[in-house]
Amino acid sequence: MNQTTNSILMIRPVAFRMNEQTAVNNYYQKVLDGLTPENVNTKAQEEFDAFVNKLRMVGVDVNVVEDTASPDTPDSIFPNNWISFHENGDVVLYPMFAENRRAERREDILDILEDNGFEINEGIMDYTAAEEDGYYLEGTGSIVLDRENGKAYCALSPRADEELFIEFCEDFDMNPIIFEAYQTVDGQRKLIYHTNVMMCIGDTFAVICSDCIDDKKERKMVLDSLKSDEKEIILITEAQMNNFAGNMLEVLGSDDRRYLVMSSSAYHSLTKKQIAQLEEHITILHSSLDTIEACGGGSARCMMAEIFLPKN
């Protein structure tokens with residue numbers, strides 16, 4: 001299986017704002033003083049459009065779908081949490097922690113992708129019934145996939161249930177790597193809401209904030225797993241993680257050139273040594289996402305749902 005794809009889905013926001021329902025356990029979200037909701041959405045749209053433009057300039061196939069004004073979905077800009085697309089034509093729907101995020105699931109998006117030439121299997125893999133019992137697994141936010149090596153990494157949290165994750169791994173024949181990751185919030189260690197905030201797996205490297213894994217045995221297990229697959233490990237600090245340096249995604253541009261996509265705040269938090277380590281493997285592409293990061297508590301990786309579906 002390929003680790004990276006040239007095709008991604010992105011949702012252009014129409015009513016982006018800080019989502020009060022996700023802020024309860026996403027400690028990255030902030031209220032921006034002095035900005036009306038309209039200002040926030042306009043700024044988010046400007047950042048989104050510039051980001052899409054940069055991706056398209058290097059040959060990434062970006063499938064942009066406009067969000068709808070109704071229902072109210074302030075986080076629709078982060079589609080990778082509710083859907084994933086797989087090489088065998090499978091589409092997976094995931095159970096979401098916040099009620100207003102469940103409304104992001106739109107069947108018409110599948111129709112749009114089929115119109116764009118992607119092939120989708122009849123039966124959709126749907127885990128969303130778990131919401132009724134209060135269990136959640138938020139897509140490739142909760143699960144960081146090493147497709148090539150058949151592994152799935154998951155930092156358990158209120159948004160990543162262990163049993164659901166194991167069920168996913170059994171369904172997709174993936175080896176589960178389970179751990180807990182923490183960040184310091186007001187002097188307390190609290191669970192990180194999504195795995196993809198603290199780690200990113202590329203073809204030949206992995207970026208990880210191993211300091212977040214407080215349990216030494218778990219930390220060693222995760223790092224040993226990455227090393228056993230011959231990934232060069234690039235360690236980031238918790239301060240860099242807070243600038244979304246873990247929230248990166250490797251994509252393919254034209255001529256199968258590989259790009260590591262991140263926000264400008266993530267890029268500027270990296271040291272010269274870390275940048276040099278990454279550039280041994282890949283070309284870095286970054287874009288300013290300041291408003292989206294502040295209000296949404298998510299960054300570049302969260303905005304891109306990878307499409308591995310076959311094309312007809």
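The basis for the numbers below is simple: all heavy atoms, side chains too, and nothing from hydrogens, waters or symmetry mates. Position 1 is the first residue of the sequence; numbering continues from there.
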Should S269 and Q240 be marked as a side-chain hydrogen bond (donor to acceptor under 3.5 Å, both in side chains) after you check the CA-CA gap, both sets of side-chain angles, and the distance that decides it?
CA-CA 6 Å; S269 77; Q240 290 174 321; 4.8 Å; no

In sequence, state the C-alpha distance, the side-chain angles, and the governing distance for E47 and S287, and then conclude on side-chain hydrogen bond (donor to acceptor under 3.5 Å, both in side chains).
CA-CA 8 Å; E47 290 171 2; S287 198; over 6 Å; no

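- Put simply, V222 and M241 are part of the same group of oily side chains (I, L, V, M, F, W, Y) that touch within less than 4.5 Å, one to the next.
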Evaluate S265 against N243 for side-chain hydrogen bond (donor to acceptor under 3.5 Å, both in side chains), listing each step before the verdict.
CA-CA 6 Å; S265 63; N243 283 292; 4.9 Å; no

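- Here E306 pairs with R147 in a salt bridge; the nearest charged N to carboxylate O distance falls below 4.0 Å.
- Using a 3.5 Å distance cut-off with no hydrogens or angles, the side chains of R257 and T283 do pair a donor with an acceptor.
- Atoms CE and CZ, on M1 and F172 in that order, are 8.5 Å from each other to the nearest 0.5 Å.
- Ring centers of H281 and F205: under 6.0 Å apart, within the cut-off.
- Surrounding CE of M221 are more than 12 heavy atoms belonging to other residues, nucleotides or ligands, all under 6.0 Å away.
- Taking a 6.0 Å sphere around CG of N312, one finds it holds more than 12 heavy atoms contributed by other residues, nucleotides or ligands.
- Side-chain contact check for E238 and Q183: no donor-acceptor pair (N or O, by modelled atom type) lies under 3.5 Å.
- With 3.5 Å as the limit, one finds no donor-acceptor pair spanning the side chains of D126 and Y94.
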Worked check of side-chain hydrogen bond (donor to acceptor under 3.5 Å, both in side chains) between N63 and N116:
CA-CA 8 Å; N63 296 261; N116 291 354; 2.9 Å; yes

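- Here L278 contributes atom CG and E250 contributes atom CD; the two are 10.5 Å apart, rounded to the nearest 0.5 Å.
- A distance of 8.0 Å separates CG in N196 from OG in S142, rounded to the nearest 0.5 Å.
- The pair K190-E180 fails the salt-bridge criterion, with no side-chain N (NZ, NE, NH1 or NH2) lying under 4.0 Å from an Asp/Glu carboxylate O.
- The distance from the CZ atom of F51 to the CG atom of L285 is 7.5 Å, given to the nearest 0.5 Å.
- Looking at R106 and D108, a side-chain N of the basic residue comes within less than 4.0 Å of a carboxylate O on the acidic one, giving a salt bridge.
- Here the straight-line distance linking atom SG of C212 with atom OH of Y182 works out to 11.5 Å at 0.5 Å rounding.
- The residues K43 and E46 are annotated as not salt-bridged, no charged nitrogen and carboxylate oxygen being separated by less than 4.0 angstrom.
- Using a 4.5 Å cut-off between side-chain heavy atoms of Ile, Leu, Val, Met, Phe, Trp and Tyr, with links allowed through other members, V92 and I307 fall into different hydrophobic clusters.
- Between F308 and F85, the distance from one ring center to the other does not fall under 6.0 angstrom.
- Looking only at atom types and distance, the side chain of T5 has no donor-acceptor partner in the side chain of S7 under 3.5 Å away.
- With hydrogens and angles left out, the side-chain atoms of S225 and K151 include a donor and acceptor closer than 3.5 Å.
- Residues D67 and T73 bring a donor and an acceptor atom of their side chains to less than 3.5 Å of each other.
- T42 and Q45 form no side-chain donor-acceptor contact under 3.5 Å, judged by distance and modelled atom types alone.
- Using a cut-off of 4.0 Å between Lys/Arg side-chain N and Asp/Glu carboxylate O, R12 and D49 are scored as salt-bridged.
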Would you sort out whether K220 and I213 count as a side-chain contact (heavy atoms from CB on, under 4.5 Å), showing the intermediate values?
CA-CA 9 Å; K220 183 177 185 308; I213 308 174; over 6 Å; no

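- In summary, the side chains of D61 and N6 do not present any donor paired with an acceptor at a separation below 3.5 Å, with no hydrogens or angles considered.
- Remark: I11 CD1 to F48 CZ distance equals 7.5 Å, nearest 0.5 Å.
- The backbone N or O of T4 sits nowhere less than 3.5 Å from a side-chain atom of N2 that would complete a donor-acceptor pair.
- Salt bridge status for R105 with E131: present, with a side-chain N to carboxylate O gap under 4.0 Å.
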